Amino acid sequence: MSENALSGELARDAAEVHWSKVHPLTPLINAAKALTVLLALLTWQAVDAGLNTLPILEQDAQASGVVRIAVLIIVALVIVVLAIGGAFFYLSWRYTKYAIGEEAVYFHKGIIFRSQRHARLNRVQAVDLVRPLLARFVGLAAVEIESAGGSDSNVRITYLREDEAEAVRNEILARAAGVQGTPVEVPGRATDRHGAPTAGHEGAAATSSVPSATPGAGSDDPGAPAVRPVAEGTPRLHYAAAPEREVLTVPPGRLLASIAISPWTFLLLVAIVAIVIAALSWSALVFAALPALAPALLVVGVTAWSRLAGEFGFTLAISPDGLRSRHGLTETRATTIPPRRIQAVQVTQPILWRIPGWWRVEINVAGYHTSDSSSNKTSTSAVKNVVLPVGERTDLERVLWLIVPDLGVDDPAEVLDALLEGSGEGAGFYTAPRQARWLDWFTWRRHGLYVTRTALLMRSGFFVRRSVLVPHSRTQSLALEQGPLERLLHLANLAAHSVPGPVGPRARHLPEDIALEILLAQAERARMARTDEGPEEWMRRASSVAS
């Protein structure tokens with residue numbers, strides 16, 4: 001479809017939609033940081049002025065009158081500033097609106113500088129429900145729509161009442177999935193297909209569609225979605241939330257323990273203990289080195305807090321919409337990733353996690369990555385690509401089965417063991433030859449690549465085990481990489497390019513002739529996989545995993 005035709009189609013859709021306002025407190029919440037700084041500055045100035053004028057008031061009555069006049073002028077200026085700010089916030093709210101159409105989600109805002117954003121429903125990658133700390137106090141939430149095309153194509157609707165935000169998310173997911181509701185008659189006024197009242201039909205029946213995940217409920221058609229009545233005056237169609245089933249939850253104690261025994265935290269604790277022991281000898285060199293420890297403490301502290309605040313209370317559930325995760329301490333985030341949006345999977349295990357047998361799983365999703373500038377980076381932004389912060393082997397297998405239901409091998413247990421914990425040529429992996437030990441003293445035997453009927457499996461790492469899975473149908477492009485030393489040793493790296501995210505699929509230090517052969521064969525496999533890919537039976541697989 002041409003760009004002109006696309007613009008015309010969206011323009012017609014935008015002209016027909018029913019526009020809704022965000023919550024009136026939205027400008028205040030968006031400006032909360034600036035207002036806090038301004039309030040602190042005014043308070044400091046008022047206290048400072050009061051302390052400076054107190055001696056004058058005690059000594060000179062005429063000067064005290066001048067001071068009172070000055071105080072009145074300041075108060076008047078503050079009132080004027082507040083009035084102007086209130087008018088600005090009101091106009092900002094009046095010009096902020098959103099709508100959900102048949103083709104896209106629209107969000108308009110701005111007074112002097114207008115911003116008009118839209119996200120096409122057929123390109124929606126994920127829909128998040130975000131509750132920042134301040135918004136939670138007043139019962140508000142934001143809806144983030146992540147779409148293919150990068151951060152410039154994403155939409156963030158701020159702020160709505162929590163129940164309204166839930167309804168907006170349900171409607172976006174249902175429309176993006178192509179769900180059509182069945183009209184039902186309820187007492188009230190007549191409305192059009194977007195819930196707007198129809199002129200000249202007061203008291204007539206209103207129609208609305210509310211699909212449910214339970215087929216056939218309230219309908220003679222066994223394949224029709226269920227519907228429920230909508231109260232009079234409803235501004236637009238309501239879509240019932242799809243049912244979900246919890247797959248796993250991460251206990252807070254396990255999360256805290258995993259942070260405590262992470263590599264950087266452990267090394268920092270060892271360094272602190274060593275410095276304290278050495279400091280007992282009153283060594284001047286040790287005391288001189290203490291300031292250099294401050295940046296390391298800051299980095300580790302920020303990293304630990306980011307994980308705790310972002311991954312606290314993590315739960316993963318399945319629904320007809322896809323994978324649903326909830327997490328967050330100060331800011332809570334509910335993420336829904338539709339099926340087939342996951343492009344690559346990475347499983348990691350730091351060396352200290354091998355004792356309790358814990359694993360971490362991260363994913364790449366098109367248009368959904370941690371460097372998204374449209375999402376107002378928060379403590380939870382780094383968790384958007386995490387589907388298992390820390391879990392046992394059974395949790396890991398459940399998550400992998402949901403994302404990659406078929407490894408494409410006759411003995412998946414053996415291949416999975418070799419991928420996660422193995423080294424060498426076990427289970428048929430292509431591995432780095434012995435000359436690679438000159439480049440990787442510890443990890444050369446761990447490097448490996450396995451090509452199955454459905455996916456590329458890559459492993460690496462010694463101190464931190466890394467395993468990557470890329471379905472053939474999700475391979476974006478392929479490349480061979482060689483540095484000067486690798487050319488000298490006849491080695492090459494095979495990179496399977498993916499969308500931006502924490503996963504970087506790369507098989508390191510393979511024999512160059514084998515790497516070239518795999519690249520040519522994989523390009524054909526990826527093309528055939530994209531062509532032959534059929535409909536995904538998401539709920540059948542999800543139900544079997546949850547049970």
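Remember, predicted model here, so these are calculated numbers, not experimental data.
One finds the OH atom of Y450 at 12.0 Å from the CG atom of L416 (value rounded to the nearest 0.5 Å). Rounded to the nearest 0.5 angstrom, L316 CG and R326 CZ are separated by 10.5 Å. Remark: L388 CG to F314 CZ distance equals 7.0 Å, nearest 0.5 Å. Expressed to the nearest 0.5 Å, how far NE2 of H108 lies from NE2 of H118 amounts to 9.0 Å. Atoms OG1 and CG, on T348 and L420 in that order, are 10.5 Å from each other to the nearest 0.5 Å. Atoms CG and OG, from L248 and S325 in turn, are 10.0 Å apart once rounded to the nearest 0.5 Å.
For the 3.5 Å distance criterion, the side chains of D406 and T454 fail to qualify, holding no donor opposite an acceptor. If you check the side chains of S258 and R307, you find a donor sitting under 3.5 Å from an acceptor. A side-chain N or O of R324 and one of S319 form a donor-acceptor pair less than 3.5 Å apart.
Counting heavy atoms from C-beta outward, L456 and V451 have side chains that approach closer than 4.5 Å. A heavy-atom distance below 4.5 Å is found between the side chains of T96 and F107. Side chains of T158 and V22 form no contact here, defined as non-hydrogen atoms less than 4.5 Å apart. E362 is listed as a side-chain neighbour of V386, based on a closest heavy-atom distance under 4.5 Å. Side-chain contact check for V468 versus L457: every heavy-atom pair is 4.5 Å or farther apart. The shortest distance between side-chain heavy atoms of E392 and W358 falls below 4.5 Å. Put simply, the side chain of P389 reaches to within 4.5 Å of the side chain of R360, judged on heavy atoms. The side-chain heavy atoms of V105 and V143, taken from C-beta on, include no pair separated by under 4.5 Å.
The main-chain N or O of A455 is found under 3.5 Å from a side-chain atom of H472 such that the two form a donor-acceptor pair. Side chain of T452 to main chain of L407: a donor-acceptor pair is present (N/O by atom type, distance under 3.5 Å, no hydrogens or angles). Formation of a donor-acceptor pair under 3.5 Å by the R117 side chain with backbone atoms of K109 is not found in this model. Between the side chain of H23 and the backbone N or O of R161, no donor-acceptor pair lies under 3.5 Å. Listed for the R530 side chain is a donor-acceptor partner under 3.5 Å among the backbone atoms of T475. Proximity of a side-chain donor or acceptor of N364 to a complementary backbone N or O of A344 within less than 3.5 Å is not detected.
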The test is side chain to side chain contact (heavy atoms under 4.5 Å, CB included); show your working for E331 and R136 and say whether it passes. CA-CA 8 Å; E331 173 185 292; R136 289 167 62 186; 5.8 Å; no

Please determine whether side chain to side chain contact (heavy atoms under 4.5 Å, CB included) holds for the pair V345 and V503, giving the CA-CA distance in whole Å, both sets of side-chain angles, and the decisive distance to 0.1 Å. CA-CA 7 Å; V345 186; V503 186; over 6 Å; no

Assess whether side chain to side chain contact (heavy atoms under 4.5 Å, CB included) is satisfied between Y98 and L160, documenting all intermediate values. CA-CA 11 Å; Y98 71 95; L160 309 174; 3.6 Å; yes

Step by step, would you call E162 with R169 a salt bridge (Lys or Arg N to Asp or Glu O under 4.0 Å)? CA-CA 11 Å; E162 291 189 357; R169 182 185 66 168; over 6 Å; no

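By the side chain to side chain contact (heavy atoms under 4.5 Å, CB included) test, R354 pairs with Q349, I351, R465, sequence neighbours left out. Residues forming a salt bridge (charged side-chain N to carboxylate O under 4.0 Å, His left out) with R466 (at least two apart in sequence, or on another chain): none. Applying the salt bridge (charged side-chain N to carboxylate O under 4.0 Å, His left out) test to R506 and every residue at least two apart in sequence or in another chain returns E481.
In terms of heavy atoms, R453 sits closest to V409 at NH2-N, 3.6 Å. In terms of heavy atoms, R446 sits closest to G461 at CG-O, 2.8 Å. Pairing each heavy atom of L419 with each of S467, the nearest pair is O-OG, 2.9 Å. Between G504 and Q346, the shortest heavy-atom distance links the atoms N-OE1, 4.5 Å. Minimum interatomic distance between Q343 and R474 (heavy atoms only, all atoms of both residues): O-CB, 3.4 Å. In this structure, G101 and L121 approach most closely via the heavy-atom pair O-CD1, 3.4 Å.
The only member of I403, V399, T335, T336 that meets side chain to side chain contact (heavy atoms under 4.5 Å, CB included) when paired with L323 is I403.
Ring geometry, Y106 versus W19: the interplanar angle falls from 30° to 60°, so the pair is classed tilted.
Residues R398 and E246 are not paired through a salt bridge, judged by the lack of any N-O separation under 4.0 Å between the basic side chain and the carboxylate. Salt-bridge annotation for D128 and R156: absent, with no side-chain N of the basic residue lying under 4.0 Å from a carboxylate O of the acidic one. Under 4.0 Å is where a charged nitrogen must lie from a carboxylate oxygen, and between R341 and E146 no such pair does.
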